[in-house]
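This report refers to the structure that appears directly beneath it.
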Amino acid sequence: MLSPFERVIDIDLALGEGPVWDEDRQALWFVDILAPALYRLDWPSRALTRHGMPTEIGSLGLAEGGRLVVALRSGVHLFDPQSESLTFLVHPEPERTMNRMNDGKVGPDGCFWVGSMHDSSPRQPTGALYRVTPEGTSTRVVENVHVSNGLAWAAGGRTMTHADSTTGVITAYDFDPATGAMSNARRLALLSDAEGRPDGAAMDMEGFDWSAGVSAGCLNRVSPSGDIERFPVPAPAPTMPCFGGPDRRTLFLTSLARETSQGRVAGALFACTATVTGVPVGRFGAPPTP
């Protein structure tokens with residue numbers, strides 16, 4: 001189902017995360033949360049462009065007019081890659097100074113869905129999941145989360161997944177792409193450290209959720225009924241998969257730096273070819289998926 005992975009960047013990452021395929025530019029955007037920096041990898045040429053950020057950047061999404069929506073510790077902003085300017089939109093939880101923004105993705109409703117996480121150890125359930133509209137309205141939709149992660153939507157936008165990396169639970173919801181309403185929460189999977197606790201995720205066109213097993217060096221492909229197929233990857237701590245390339249069959253994978261018995265392994269960006277096609281991501285401010 002997956003060809004061998006190859007490393008596709010020359011730089012090391014501290015906490016690689018958030019890959020997003022940009023079909024218009026034929027490029028992959030991703031972040032190093034701790035650098036903090038936003039990167040663009042031009043896929044045809046493999047040219048890499050770096051944009052420094054003022055604070056930790058947890059995630060990003062595509063936005064209208066060639067801009068990006070980015071989740072910084074200081075809140076959600078719009079970023080213009082041409083001018084490198086940031087425009088503040090909203091901070092979902094300014095009172096929760098113990099948290100930072102983490103995994104985020106544009107949903108089929110054209111809104112930016114972004115979660116937060118408790119930013120010290122041991123993790124406490126102070127995080128949450130938010131729905132941010134293009135007008136700058138933020139609504140808290142899930143509470144009592146340690147590390148919000150694993151956002152993905154099935155083709156057609158009728159199913160959404162969300163995970164808490166600390167508890168290892170992946171939750172599936174029925175989703176209304178017209179309104180962003182979530183319902184019928186159910187446990188899709190519970191993954192231990194040995195099985196690969198859920199980090200970032202991506203959905204394929206067959207309705208399977210690809211979850212990065214950050215604690216076990218693997219990708220877990222979870223069926224709609226909760227059956228799991230596990231794929232080893234060449235990184236001890238993978239953080240998020242993303243389908244891209246001209247046919248959305250290139251599977252990109254970010255990772256974070258981790259100490260192992262053989263020494264420190266830096267974070268990186270990998271790519272392989274999959275036999276399945278990925279679900280295209282939404283665009284911030286675009287009309288909902290019909």
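Computed from heavy atoms alone, side chains included, the values below leave out hydrogens, waters and symmetry copies. Small disclaimer: the values here were computed from a predicted structure and weren't measured.
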_Evaluate Lys105 against Glu17 for salt bridge (Lys or Arg N to Asp or Glu O under 4.0 Å), listing each step before the verdict._
CA-CA 12 Å; Lys105 194 169 289 185; Glu17 263 285 8; over 6 Å; no
_Side-chain donor or acceptor of Arg25 paired with backbone N/O of Asp22 under 3.5 Å_ = no
*Salt bridge between Asp164 and Arg123, side-chain N to carboxylate O under 4.0 Å?*
no
*Determine, using the 4.5 Å side-chain heavy-atom cutoff (strictly less than), whether Leu89 and Val31 are members of one ILVMFWY cluster.*
no
*Please check if atom CD in Gln82 has more than 12 non-hydrogen atoms from other residues, nucleotides or ligands closer than 6.0 Å.*
no
_Using the rule that Ile, Leu, Val, Met, Phe, Trp and Tyr join whenever any side-chain heavy atoms are under 4.5 Å apart, tell me whether Trp29 and Leu15 fall into a single cluster._
yes
*Decide, yes or no, whether a salt bridge links Glu84 with Arg67 under the criterion of side-chain N to carboxylate O below 4.0 Å.*
no
_Donor-acceptor under 3.5 Å (Ser255 side chain, Ala268 main chain)_ = yes
*Any side-chain heavy-atom pair of His118 and Ser120 under 4.5 Å*: yes
*Starting from the C-alpha separation in whole Å, work towards a yes-or-no answer on side chain to side chain donor-acceptor pair (under 3.5 Å) for Thr49 and Arg40.*
CA-CA 5 Å; Thr49 304; Arg40 170 188 163 175; 5.5 Å; no
_Closer than 4.0 angstrom, basic N to acidic O: yes or no for Arg131 and Asp109?_
yes
*asked:* Are the side chains of Val70 and His77 in contact, using a 4.5 Å heavy-atom criterion?
replied: yes
*How are the rings of Phe112 and Phe284 set relative to one another: parallel (under 30°), tilted (30 to 60°) or perpendicular (over 60°)?*
perpendicular
*Evaluate the side-chain contact (heavy atoms from CB on, under 4.5 Å) criterion for residues Trp113 and Val141: first the C-alpha distance (whole Å), next the side-chain angles of each, then the deciding distance (0.1 Å), finally the verdict.*
CA-CA 10 Å; Trp113 293 72; Val141 295; 3.7 Å; yes
*Backbone of Gly127 reached by a side-chain donor or acceptor of Ser116 within 3.5 Å*: no
*asked:* If hydrophobic clusters are built from ILVMFWY residues whose side chains come within less than 4.5 Å, do Leu256 and Leu34 share one?
replied: yes
*With a 4.5 Å limit on heavy-atom distance, are the side chains of His162 and Tyr173 in contact?*
yes
*asked:* So Val76 and Phe88, do their side chains get closer than 4.5 Å, heavy atoms only?
replied: no
*Give a yes or no answer on whether the side chain of Arg258 reaches the backbone of Val214 with a donor-acceptor pair at less than 3.5 Å.*
yes
*Mind telling me whether Phe270 and Phe5 have parallel, tilted or perpendicular rings, with 30° and 60° as the class edges?*
perpendicular
*Measure from the side-chain N and O atoms of Asp193 to the backbone N and O of Gly196, and report whether any donor-acceptor pair falls under 3.5 Å.*
no
*Is the closest side-chain donor-acceptor distance between Thr161 and Asp209 under 3.5 Å?*
yes
*Taking 4.0 angstrom as the limit, do Arg100 and Glu93 come out as a salt bridge?*
no
*Cation-pi check, Arg158 to Phe175: give yes when NZ or CZ is under 6.0 Å from the six-membered ring centre and within 45° of the ring axis, no otherwise.*
no
*asked:* Given 3.5 Å as the limit, does a donor-acceptor pair link the side chain of Ser215 with the main chain of Arg197, or not?
replied: yes
_Determine whether Arg50 and Asp32 satisfy the following criterion, salt bridge (Lys or Arg N to Asp or Glu O under 4.0 Å), listing intermediate values before the conclusion._
CA-CA 10 Å; Arg50 184 185 191 275; Asp32 187 336; over 6 Å; no
*For Arg248 and Met205, run side-chain contact (heavy atoms from CB on, under 4.5 Å): C-alpha distance rounded to whole Å, both residues' side-chain angles, the deciding distance at 0.1 Å, then the answer.*
CA-CA 10 Å; Arg248 297 200 312 276; Met205 292 296 291; 4.1 Å; yes
*Worked verdict on Leu68 versus Leu38 for side-chain contact (heavy atoms from CB on, under 4.5 Å)*: CA-CA 10 Å; Leu68 304 172; Leu38 167 67; 3.6 Å; yes
*Backbone N or O of Phe208 within a donor-acceptor pair of the Ser223 side chain at under 3.5 Å?*
no
_Between Asn149 and Ser165, is the side chain to side chain donor-acceptor pair (under 3.5 Å) condition met? List the steps._
CA-CA 6 Å; Asn149 246 317; Ser165 294; 2.9 Å; yes
*Might you work through the side-chain contact (heavy atoms from CB on, under 4.5 Å) test for Val20 and Leu62, ending with a clear yes or no?*
CA-CA 8 Å; Val20 175; Leu62 305 179; 3.9 Å; yes
*Is it true that Arg186 and Asp174 have a side-chain N and a carboxylate O under 4.0 angstrom from each other?*
yes
_Are Leu151 and Leu129 packed together at the side-chain level, in the sense that at least one heavy-atom pair is separated by less than 4.5 angstrom?_
yes
*asked:* If the threshold is 4.0 Å, N to carboxylate O, is there a salt bridge linking Asp119 and Arg73?
replied: yes
*Stepwise, does the salt bridge (Lys or Arg N to Asp or Glu O under 4.0 Å) test hold for Asp12 with Arg7?*
CA-CA 11 Å; Asp12 291 341; Arg7 181 169 175 156; 2.8 Å; yes
*Where does the angle between the aromatic ring planes of Phe231 and Trp210 fall among parallel (under 30°), tilted (30 to 60°) and perpendicular (over 60°)?*
parallel
*Do Asn144 side-chain atoms and Ala128 backbone N/O form a donor-acceptor pair below 3.5 Å?*
no
_Verdict with supporting geometry, Arg283 and Glu23, salt bridge (Lys or Arg N to Asp or Glu O under 4.0 Å)_ = CA-CA 11 Å; Arg283 190 176 296 270; Glu23 184 175 353; over 6 Å; no
*asked:* Are Val69 and Val132 connected into the same hydrophobic cluster when the rule is that any two of I, L, V, M, F, W, Y join if their side-chain heavy atoms are below 4.5 Å apart?
replied: yes
*Any sub-3.5 Å donor-acceptor pair from Thr260's side-chain atoms to Arg264's backbone N or O?*
no
*Sort out for me which residue in Thr239, Asp103, Val147 forms a side-chain contact (heavy atoms from CB on, under 4.5 Å) with Asp199.*
Thr239
*Are Leu48 and Trp21 connected in a single hydrophobic cluster, I mean Ile/Leu/Val/Met/Phe/Trp/Tyr linked by side-chain heavy atoms less than 4.5 Å apart?*
yes
